[in-house]
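Below is one structure, written out as structure tokens, with a few remarks after it.
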Amino acid sequence: MKFYITTAIDYVNAPPHIGHAYEKICADVIARWHRLKGEKVYFLTGTDENAQKNEQAAKEAKIETKKFVDQNSKLFEELCKKLNLSNDDFIRTTQARHTKVAQEIFKKVFDKGDIYKGNYEGYYCQGCEAFITEKELVDGKCPEHNKEPEWLKEESYFFKLSKYQDKVLKLIETNTFILPQKRRNEMISRLKSEGLKDLSVSRTNLDWGITTPIDKKHKIYVWFDALINYVSALGYPDEKPYKEFWPADCHYIGKGINWFHTIIWPAMLMSAGIPLPKTVYVHGYITLNGKKISKSLGNVIDPIFLIDKYEIDPIRYAIIRDIPHGEDGDFSEKSLINRNNNELANDLGNLLSRTLTLIEKNFNSEIPESKSELTFDIEKIDKLMQNYELDKALAEIWKFVNKCNKYINDKKPWEIKDKKELEKILYTLADSLRIISILLHPFIPETSEKINKQLNIQLGTLKDCKPNLLKKTKIKKGEHLFKKI
RNA sequence: GCCUCCGUAGCUUAAUGGUUGAGCGCAUCUCUCAUGAGGAUGAGGUUGUGGGUUCGAUUCCCACCGGAGGCACCA
């Protein structure tokens, strides 16, 4: 079995914020879970760099555009490392491997007869040097430049999106293509009520972007180009990763770009004769301390700053537990601190600590051989993970942690004189911790490794999440798993 | 304006046509292996408001109030 998962590629005209971190962490957890199941996983993330806005932002910063996107893309790459992501690749849409494929697919769609020359008409603001929508106008003026736009006609190539309306509708009506269901309903009703118009897929008068293979005056519209990253990164059409991993099993994206991924992207693929992705999972947005993340509110926290302050595992843990799957959710430092101290340090860290100390004192640091009394329902958790309910899966794992703590209290090993009985209790605890370290690995990989190191064992797979697989080993009690904040 | 979704204890949330379950926080009790950790108990809800269907609604229907989201070239 293979599993190909992607995140959206990020816009590089501003540095990363906590929302980017959230999407990447979730995708990473899913990727790691599938690896635990023994599947061959490919996890892709990257940056979207051909937008016109980059050119403008670079101009404002008085740097060359290429240099500007290089700098900002680096910030996202650095973020991936800091988040401890297990991504297999990082695509940049300015890379030659991408521009080549973007042009190739554009040509393919053109050759199919699905791209034709027409005129794009709309309001054009001289200040923005761009078309703006009627909705964006305030009192008939561009709000940014306080100028009345002019009605302009521009030559443009159009993609016959309308041709694919029925096929796309049929696709999105299948019940696993768009998840969660709420997002599927939105797209279905919108498609049914509005229908599809052809899409302008080229722009003139731009210096930045990918030139169309059919007309040198035109650049490829940035969305048409951006979506293609999912196949260009794999080396479409001939390279091995493409053959092995396409179609994608999951495009993990935010709700703002649902339409592009579930309507436009499938239509492009249909036209180009490329197989369709299996699932587009649409997550919600994050608020920070209860407020929308926005520059004007000045609450844009650099996630790298947060990681340096708190370490990555508590952040991964808190952000996943705090945000209900598919919904918007809030991330706050207060909640992070709470969860770090109560759940990570007290429940889990202390469980390991008390277990290892008991083994140290009673069995000279050697895990005794016996039979475990605790079991864990892996099916339930795997089901939650299949359904992308990461928050609930993690809560379920925590129930097991709590069960272990209660087990110690009930059994009172510090009062037990009978050696066999004591062996059984401590084996049960150590073996349960072994299972916990596997289950937690996708969520908090560093912590999982620390547990294994102290138990002096290797990380298992999901198949090993059954009791009694722990062998007699000498433990190596180390530092506490978590520091309290 | 049109279309989704939501409104349950201070906060986050689960569930169901028939006496609303849980976690955090709070209060009390308790163990001592452990990171002043762990465990137990308790207080707290007429399930947004009004109406309807029903023997019975928090769950189904309608209206209203409140909140979130989507509405194509903006990513």
Side-chain angles (χ1 to χ4, degrees), chain A residues 8-14 48 50-54 120 122 128 130-133 135-136 156 158-159 161 180-203 221-224 226-227 253-261 263-264 282 284-285 287 290 292 321-324 326-330 332 334-335 338-339 341-362 391-392 395 398-399 401-402 404-416 422 425-426 429 477 479-484:
Chain A
I9 49 175
D10 300 309
Y11 238 33
V12 292
N13 62 342
D48 178 9
N50 293 317
Q52 197 184 344
K53 275 192 179 162
N54 291 328
Y120 182 76
C128 300
F131 283 95
I132 56 176
T133 57
K135 237 175 50 184
E136 288 175 303
S156 172
F158 282 81
F159 169 53
L161 187 59
Q181 189 173 40
K182 181 179 166 179
R183 300 298 167 199
R184 178 166 90 235
N185 295 342
E186 267 173 18
M187 289 302 114
I188 291 173
S189 70
R190 190 170 146 195
L191 185 54
K192 277 185 175 167
S193 68
E194 297 171 22
L196 290 178
K197 281 185 209 154
D198 290 348
L199 180 72
S200 162
V201 289
S202 80
R203 298 285 186 276
Y221 167 52
V222 67
W223 261 111
F224 195 94
L227 289 161
I253 59 158
K255 64 188 183 182
I257 55 177
N258 191 353
W259 180 263
F260 292 93
H261 283 79
I263 308 291
I264 296 174
V282 186
Y285 285 160
T287 56
K292 277 192 182 176
R321 279 216 73 168
D322 274 338
I323 293 153
E327 301 290 323
D328 293 346
D330 190 54
S332 71
K334 195 181 156 200
S335 167
N338 240 323
R339 290 195 184 278
N341 293 350
N342 295 338
E343 290 161 30
L344 294 174
N346 291 351
D347 292 348
L348 178 63
N350 189 44
L351 172 64
L352 179 73
S353 183
R354 63 201 302 210
T355 301
L356 294 187
T357 300
L358 284 164
I359 292 171
E360 208 172 56
K361 285 186 179 170
N362 290 289
D391 56 319
K392 287 189 183 136
W398 227 255
K399 277 189 194 162
V401 173
N402 291 331
C404 292
N405 273 321
K406 185 170 161 51
Y407 178 81
I408 302 192
N409 266 65
D410 291 349
K411 294 288 177 179
K412 302 190 191 349
W414 50 91
E415 284 178 6
I416 302 283
L422 195 56
I425 295 166
L426 296 184
L429 288 166
K477 192 165 186 263
E479 298 214 329
H480 293 148
L481 290 180
F482 301 95
K483 288 187 192 102
K484 295 212 185 176

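Throughout, protein chains are lettered first and strands after them, A, B, ... in sequence-line order, and every chain is numbered starting at 1.
Here the side chains of A/Ile425 and A/Tyr407 are in contact, with some heavy-atom distance below 4.5 Å. For the pair A/Leu196/A/Ile263, a side-chain contact is recorded, criterion being any heavy-atom separation below 4.5 Å from C-beta on. Counting heavy atoms from C-beta outward, A/Tyr120 and A/Phe158 have side chains that approach closer than 4.5 Å. Side-chain contact between A/Ile359 and A/Lys477 is absent, with no heavy-atom pair separated by less than 4.5 Å.
Separating the CG atom of A/Leu191 from the P atom of B/A72 is a distance of 14 Å, rounded to the nearest angstrom. If you take NZ of A/Lys255 and C1' of B/U4, they are 12 Å apart, rounded to a whole angstrom. Rounding to whole angstrom units, CG of residue A/Asn258 and C1' of B/C5 are separated by 14 Å. For the pair A/Tyr221 OH and B/A72 P, the interatomic distance rounds to 11 Å; values are reported in whole Å. In this structure, A/Asp410 atom CG and B/U30 atom C1' are separated by 13 Å, rounded to whole Å. At whole-Å resolution of the value, NZ in A/Lys334 and P in B/U12 are 11 Å apart. Rounded to a whole Å, the CG atom of A/Asp328 is 19 Å from the P atom of B/U4. Rounded to an integer number of Å, the gap from CZ of A/Arg321 to P of B/C24 is 9 Å.
Looking at every heavy atom in both residues, A/Leu351 comes nearest to A/Cys404 through CD2-CB, 3.7 Å. The shortest non-hydrogen separation linking A/Gly329 to A/Pro324 is CA-CD, 4.4 Å. Nearest approach of A/Ile257 to A/Ala8, heavy atoms of both residues: CD1-CB, 3.6 Å.
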Dot-bracket notation for RNA chain B is requested: 5' to 3', Watson-Crick or G-U wobble pairs only, both distances under 3.5 Å, with ( ), [ ], | and . as defined. (((((((..((((.......)))).(((((.......))))).....(((((.......))))))))))))....
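For A/Ile264 and A/Ala226, each mapped to the nucleotide of RNA chain B holding its nearest heavy atom, the one lying further toward the 5' end belongs to A/Ile264.
Taking atom C1' in both B/A68 and B/C26, the straight-line distance is 30 Å, to the nearest Å. A distance of about 7 Å separates the C1' atoms of B/G66 and B/G48, rounded to the whole Å. B/U16 and B/U59 have their C1' atoms separated by 6 Å, given to the nearest Å. Comparing the same atom, C1', in B/C11 and in B/U19 gives a spacing of 26 Å after rounding to whole Å. When the C1' atom is used for both B/A9 and B/C5, the distance is 24 Å, rounded to whole Å. Rounded to whole Å, the C1' atom of B/A22 lies 11 Å from the corresponding atom of B/A15. B/G25 and B/U4 have their C1' atoms separated by 34 Å, with the value rounded to a whole Å. Spacing between B/G21 and B/U32 at atom P, rounded to whole Å, works out to 34 Å.
Inspection of the A/Asn342 and A/Asn338 side chains reveals an N or O donor paired with an N or O acceptor under 3.5 Å.
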Going 5' to 3' through nucleotides 31-38 of chain B, assign each nucleotide B (protein heavy atom under 4.0 Å from a base atom), S (under 4.0 Å only from sugar-phosphate atoms) or - (no protein heavy atom that close). SSBBB-SB
Could you check A/Asp48 against A/Val222 for side chain to side chain contact (heavy atoms under 4.5 Å, CB included), going step by step and ending with a plain yes or no? CA-CA 9 Å; A/Asp48 178 9; A/Val222 67; 3.8 Å; yes
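Using a 4.0 Å heavy-atom cutoff across all strands shown, A/Leu352 reaches no nucleic acid atom at all. Note on A/Val201: nothing from the nucleic acid sits closer than 4.0 angstrom, heavy atoms only. As judged by a 4.0 angstrom heavy-atom cut-off over every strand, A/Arg183 is placed among residues touching the sugar-phosphate backbone only.
Contact check on A/Lys255 versus A/Glu186 returns no salt bridge, with no Lys/Arg side-chain nitrogen under 4.0 Å from an Asp/Glu carboxylate oxygen.
For A/Ala51, whose side chain is taken as the heavy atoms from C-beta onward, the closest listed nucleotide among B/G69, B/C73, B/A75 is B/A75.
Residues passing the side chain to side chain contact (heavy atoms under 4.5 Å, CB included) test with A/Asn362, sequence neighbours excluded: A/Leu358, A/Leu422, A/Leu426.
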